[in-house]
Amino acid sequence: MDPRPTIRAALAAAVTVGLAGALLAAPAAGAEGPENGPGWGTCPEDMPEAARAQLECATVPVPLDHDQPDGTQIEIMISRLASTKPAERQGALLLNPGGPGGSGLDQPADLSGRGLPSTVLDAYDLIGMDPRGVGHSSPVSCGFTVEQNYPGNVPPYAEDAAAVTEQAKVARKIAGQCAANDPEGRMQHMTTANTARDMDLIRESLGEERLSFYGASYGTALGAAYASLFPERSGRVVVDSNLGATSLDRAGLRRFALGMEDRFPDFARWAAERHDSYGIGRTPGQVRENFLAQAERLDRRPVGGIDGATFRFYTFAGLYADSSFGVTAQLWQALADGDAASALRHAEELEPLVTGGPATSATQQADGATPSPYDNAWSAFLAVTCNDTDWPEDVATYRRAVAADRQRYPLFGAAAANITPCTYWHNDPVDPPVEFDAEGPENVLVLQNLRDPATPHLGGQLTRAAFGDRARLVSVDSGGHGVYVYDDNPCALNTTTRFLLGGDLPETDVFCGASTTRKS
């Protein structure tokens, strides 16, 4: 079996990050409803043990279709890291790690372990969540298997128009596969708006008048949707590494290309300063030239199954954090030397740097196929992104976009603009995209690194403009994906902590200079 798609799949599961055949389930008889509060208990055994030891979990019933509140119910699993100081507690802070399709049950423990200030831990019950259709919240499935080598959520780099046409065949097949695994049409109710509505029922179940929120990456779209649909019920809202919309739409996906162009110079400077060690360019310009040349060589002669498209993707993934620059450079070295074994080993080492956690295990199917451990993550990602907005249905539109972005953003444009299964999705959106509400309370803090590979600074500017006086933008002179706690900038950390504790936005937008300490 070609090892390249399997490794790339692990990365793609979270670069935007169940069991096959699982369906959304009705709540168990006797389950506690919102009027009684969550029935807290132990968390699922497949949660990391360190997180499971700290957290308690519960389920909250919500309507599958919020237009029919008394109809079919599904269950949303939440977790809690409770404040241990009642006198200092201010409320609940619900968290989302991104995706769409990312599990957030262990996020309270993760943030605590990364150094979330104890004052914040005292002020809030941290609430994790598997959003509808994800993980332990009535998971959906497209039936992905290991054997089919699906490349994941980020389309492959298209060398030319013919490659777009070929990818369209893959996209059509995947959309059909998802439809076949969704005979009751339940995936159509997986939208950002519906997840935001679920959040408000979670707020009600928790007995909170307002719900504060921290969301990163796609979580910014969810936070923006909640603050817009329920402005007076939203507490302090922190949106970190913004898409610039209330969904991951086609424009947001194409901005991956801008993000890589913004971020790559950080890596190029780093590599140039270490040329005697890695040998991939004496100047940042040479590093860039070598990247493009290496990708072209691999298009002609893959090494260990890693072709030019996959090499571009690995490098994109390696830009998520400075800590991954070294292994990315090692991958370049191995590919240049034609050392397939080393290249595959370094590719595997990149996996935990961008995946949100371990993949789900699954047993072999009766037909001999092995369910993909990323089936649920991919399925949820497709359901939400394809349902949130309309996507062009003409392949020629994608051919033109790929040609334009290949020239405009040579590093990654022809991947980010490529066609996806949303072109052939089996239902039209049931809701219009959520519109930003600029008339609510001034309670949205927008965090954005200047050089984020996945959500470029433009996303923060768009979110800030859409919320108007409701928001302030904190721009950080840093690269990588994630600002608060996930990075080490003291200005951004202090600004966000003050907001979470006091509730007052800065008087004006904030610029945070580069940290003088080295990021881990």
Side-chain angles (χ1 to χ4, degrees), residues 8 11-12 15-16 151-168 170-171 217-218 241-245 247-268 284-285 287-300 306-320 328 332 354 381 385 389 391-392 394-423 449-462 479-481:
R8 184 188 193 278
L11 289 163
V15 151
T16 337
N153 297 333
V154 181
Y157 189 94
E159 297 179 66
D160 50 29
V164 179
T165 301
E166 194 63 29
Q167 177 61 19
V170 175
S217 196
Y218 162 76
S241 306
N242 289 260
L243 300 180
S247 64
L248 177 56
D249 57 11
R250 183 167 174 252
L253 189 62
R254 288 180 73 175
R255 279 196 285 273
F256 285 2
L258 170 62
M260 186 165 181
E261 294 286 347
D262 288 346
R263 174 64 163 155
F264 189 84
D266 288 347
F267 172 76
V287 175
R288 183 183 177 95
E289 291 173 3
N290 288 340
F291 169 78
L292 296 171
Q294 177 109 296
E296 291 178 1
R297 285 194 299 271
L298 291 168
D299 282 333
R300 297 190 299 271
I306 299 176
D307 60 11
T310 310
F311 169 65
R312 291 174 185 270
F313 181 82
Y314 283 142
T315 301
F316 171 71
L319 301 180
Y320 267 51
T328 303
W332 284 37
V354 292
F381 176 92
T385 55
T389 60
W391 292 67
D394 179 11
V395 178
T397 299
Y398 296 92
R399 293 194 199 100
R400 289 191 296 270
V402 164
D405 285 10
R406 187 188 298 111
Q407 295 298 316
R408 188 180 182 188
Y409 306 117
L411 300 178
F412 208 55
N418 205 356
I419 196 166
T420 79
C422 292
T423 301
N449 283 331
L450 294 183
R451 300 177 302 281
D452 185 319
T455 55
H457 189 251
L458 176 60
Q461 293 173 312
L462 291 170
H481 193 51

Phe412/Phe264 aromatic ring centres below 6.0 Å: no

Any non-hydrogen side-chain atom of Pro456 less than 4.5 Å from a side-chain atom of Met260? no

Indicate the atoms forming the closest heavy-atom contact of Leu253 with Ala416, along with that distance. O-CB, 3.4 Å

Leu292 CG to Arg312 CZ distance, which is reported to the nearest 0.5 Å: 6.0 Å

Using side-chain heavy atoms (C-beta onward) and a distance below 4.5 Å, is Val402 in contact with Arg254? no

Could you pull out the closest heavy-atom pair between Ala158 and Val164, with the gap in Å? CB-CG2, 3.7 Å

Tell me whether Asp160 contacts the main-chain N or O of Ala163 through its side chain, where contact means a donor paired with an acceptor under 3.5 Å. yes

For residues Glu159 and Asp299, determine if any side-chain heavy atom of one lies less than 4.5 Å from a side-chain heavy atom of the other. yes

Assess the side chains of Thr315 and Trp332: does a donor N or O sit below 3.5 Å from an acceptor N or O? yes

If you define the side chain from C-beta out and look only at heavy atoms, does anything of Leu411 sit under 4.5 Å from Arg288? yes

Closest non-hydrogen contact found for Val395 with Ala168 is CG2-CB, 4.1 Å

Please report the shortest heavy-atom distance between His481 and Pro453, naming the atom on each side. N-CD, 4.3 Å

What distance separates Phe291 CZ from Glu296 CD, expressed to the nearest 0.5 Å? 10.5 Å

Using a 3.5 Å distance criterion without hydrogens, assess whether the side chain of Arg250 forms a donor-acceptor pair with backbone atoms of Thr389. no

Separation between CG (Asn449) and CG (Asp262), nearest 0.5 Å, reads 11.0 Å

Rounded to the nearest 0.5 Å, how far does CH2 of Trp391 lie from CD1 of Ile419? 10.5 Å

Could you check whether any side-chain N or O of Asn242 sits under 3.5 Å from a backbone N or O of Gly459, counting only pairs where one atom can act as donor and the other as acceptor? no

Going by heavy atoms in the side chains, are Leu243 and Tyr218 under 4.5 Å from each other? yes

Contact between Asn418 and Pro156 at the side-chain level, heavy atoms closer than 4.5 Å - yes or no? yes

Considering all heavy atoms, the nearest Gly318-Thr328 contact: CA-OG1, 3.4 Å

I'd like to check Leu462 versus Arg255 (side-chain heavy atoms, cut-off strictly below 4.5 Å). Are they in contact? yes

Should Arg263 and Phe316 count as side-chain neighbours, where that means a heavy-atom distance under 4.5 Å? no

The reported gap from CG in Asp452 to CZ in Phe256 (rounded to nearest 0.5 angstrom) is 9.5 Å

To the nearest 0.5 angstrom, please state how far the OG1 atom of Thr420 sits from the OH atom of Tyr398. 5.5 Å

